[in-house]
Amino acid sequence: MPDGEKVQTKAKVGDNLLDVIIENSVDVDGFGACEGTLACSTCHLIFKQTDFEQLPSPPTDEELDMLDLAFDLHETSRLGCQVIVTKEMEGWEIKVPAGVSDAREPS
Ligand code: FES
């Protein structure tokens, strides 16, 4: 997906954001490499501050450890496979960082 391109997707409440990317066939290079098992950090997403504050559940310690390894980490970063879609997310714009780093690969 070219840098800066916007893609509109549908999402089912109860799915996680990795599911949303897969189900909508959004082409993001290397995204979700560990298939949601909290082992890669390639599903890194960046939220707007106001949206981030409304996320239903805070990250677990395991997610925070993995986020530390993510490319281009922000204060409003989360791992997509750990964020469950809620009705309140309708209309949110969520940014996919320009690069990925797969925590499973030695750098
Ligand atoms: S898909 Fe690997 S940590 Fe989310």
Side-chain angles (χ1 to χ4, degrees):
M1 189 165 84
D3 199 18
E5 185 185 339
K6 287 188 183 177
V7 178
Q8 194 167 3
T9 66
K10 290 183 190 294
K12 267 194 279 175
V13 170
D15 275 359
N16 67 49
L17 293 178
L18 171 61
D19 295 332
V20 174
I21 298 261
I22 293 170
E23 277 164 25
N24 287 277
S25 304
V26 182
D27 181 21
V28 186
D29 230 15
F31 196 90
C34 79
E35 299 176 349
T37 57
L38 211 46
C40 72
S41 83
T42 62
C43 62
H44 175 204
L45 295 171
I46 302 166
F47 293 81
K48 289 186 178 164
Q49 183 68 40
T50 46
D51 294 343
F52 184 78
E53 288 163 9
Q54 290 181 55
L55 285 171
S57 55
T60 60
D61 287 347
E62 289 80 9
E63 182 182 346
L64 289 173
D65 285 350
M66 200 48 65
L67 267 173
D68 277 343
L69 306 170
F71 178 85
D72 194 21
L73 187 65
H74 284 59
E75 295 209 344
T76 57
S77 291
R78 290 291 302 266
L79 293 180
C81 68
Q82 304 300 306
V83 177
I84 304 297
V85 176
T86 62
K87 225 176 158 13
E88 290 66 37
M89 288 184 188
E90 190 159 358
W92 284 18
E93 267 182 34
I94 304 169
K95 188 174 174 204
V96 180
V100 289
S101 79
D102 189 337
R104 300 167 309 163
E105 289 170 2
S107 51

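A distance-only check finds a donor-acceptor pair linking the side chain of E63 to the backbone of L79 [under 3.5 Å]. N24 contributes no side-chain N or O that, together with a main-chain N or O of V26, makes up a donor-acceptor pair within less than 3.5 Å. Listed for the D19 side chain is a donor-acceptor partner under 3.5 Å among the backbone atoms of N16. Side-chain N or O atoms of T42 include one that pairs as donor or acceptor with a backbone N or O of G32 at under 3.5 Å.
Hydrophobic clustering (side-chain heavy atoms under 4.5 Å, transitive across Ile, Leu, Val, Met, Phe, Trp, Tyr) keeps M66 apart from V28. Linking Ile, Leu, Val, Met, Phe, Trp and Tyr residues whenever their side-chain heavy atoms come within less than 4.5 Å places L69 and L38 in a single cluster. In the hydrophobic cluster analysis, where Ile, Leu, Val, Met, Phe, Trp and Tyr join through side-chain heavy atoms closer than 4.5 angstrom, L17 is grouped apart from L73. In the hydrophobic clustering of ILVMFWY residues, with side-chain heavy atoms under 4.5 Å counting as a link, V7 and L45 come out together. Cluster annotation: I46 is not connected to M89 through the hydrophobic network of ILVMFWY side chains, with a link wherever side-chain heavy atoms come within less than 4.5 Å.
Between G36 and Q82, the closest heavy-atom pair is O-NE2, 3.9 Å. The heavy-atom pair separating K12 from V85 by the smallest distance is O-CB, 3.4 Å. Contact between V13 and K87 at its shortest, heavy atoms only, is CG2-N, 3.8 Å. Across all their heavy atoms, H44 and A70 have their closest contact at ND1-CB, 3.6 Å. Here the closest non-hydrogen pair linking V20 and A11 is CG2-CB, 3.6 Å. In this structure, R104 and C40 approach most closely via the heavy-atom pair NE-CB, 3.8 Å.
Here the straight-line distance linking atom OG1 of T9 with atom CD1 of I94 works out to 7.5 Å at 0.5 Å rounding. The NZ atom of K6 sits 10.5 Å away from atom CD of Q8, with the distance rounded to the nearest 0.5 Å. The distance from atom CG of D51 to atom CZ of R78, rounded to the nearest 0.5 Å, is 13.0 Å.
Just one residue in the list L67, D68, L64 forms a side chain to side chain contact (heavy atoms under 4.5 Å, CB included) with S77, and that residue is L67.
Counting heavy atoms from C-beta outward, L55 and V83 have side chains that approach closer than 4.5 Å. Within the 4.5 Å cutoff, side-chain heavy atoms of L18 are placed close to those of F31.
The 12-atom threshold is exceeded at CD of Q54, counting heavy atoms of other residues, nucleotides or ligands nearer than 6.0 Å. Within a 6.0 Å radius of CD in E75, no more than 12 heavy atoms belonging to other residues, nucleotides or ligands are found.
Legend: residues meeting salt bridge (charged side-chain N to carboxylate O under 4.0 Å, His left out) with E5, ordered by chain and number and at least two apart, are absent.
Using the six-membered ring where Trp is involved, F47 and W92 have ring planes that are perpendicular, over 60° apart on the 30 and 60° scheme.
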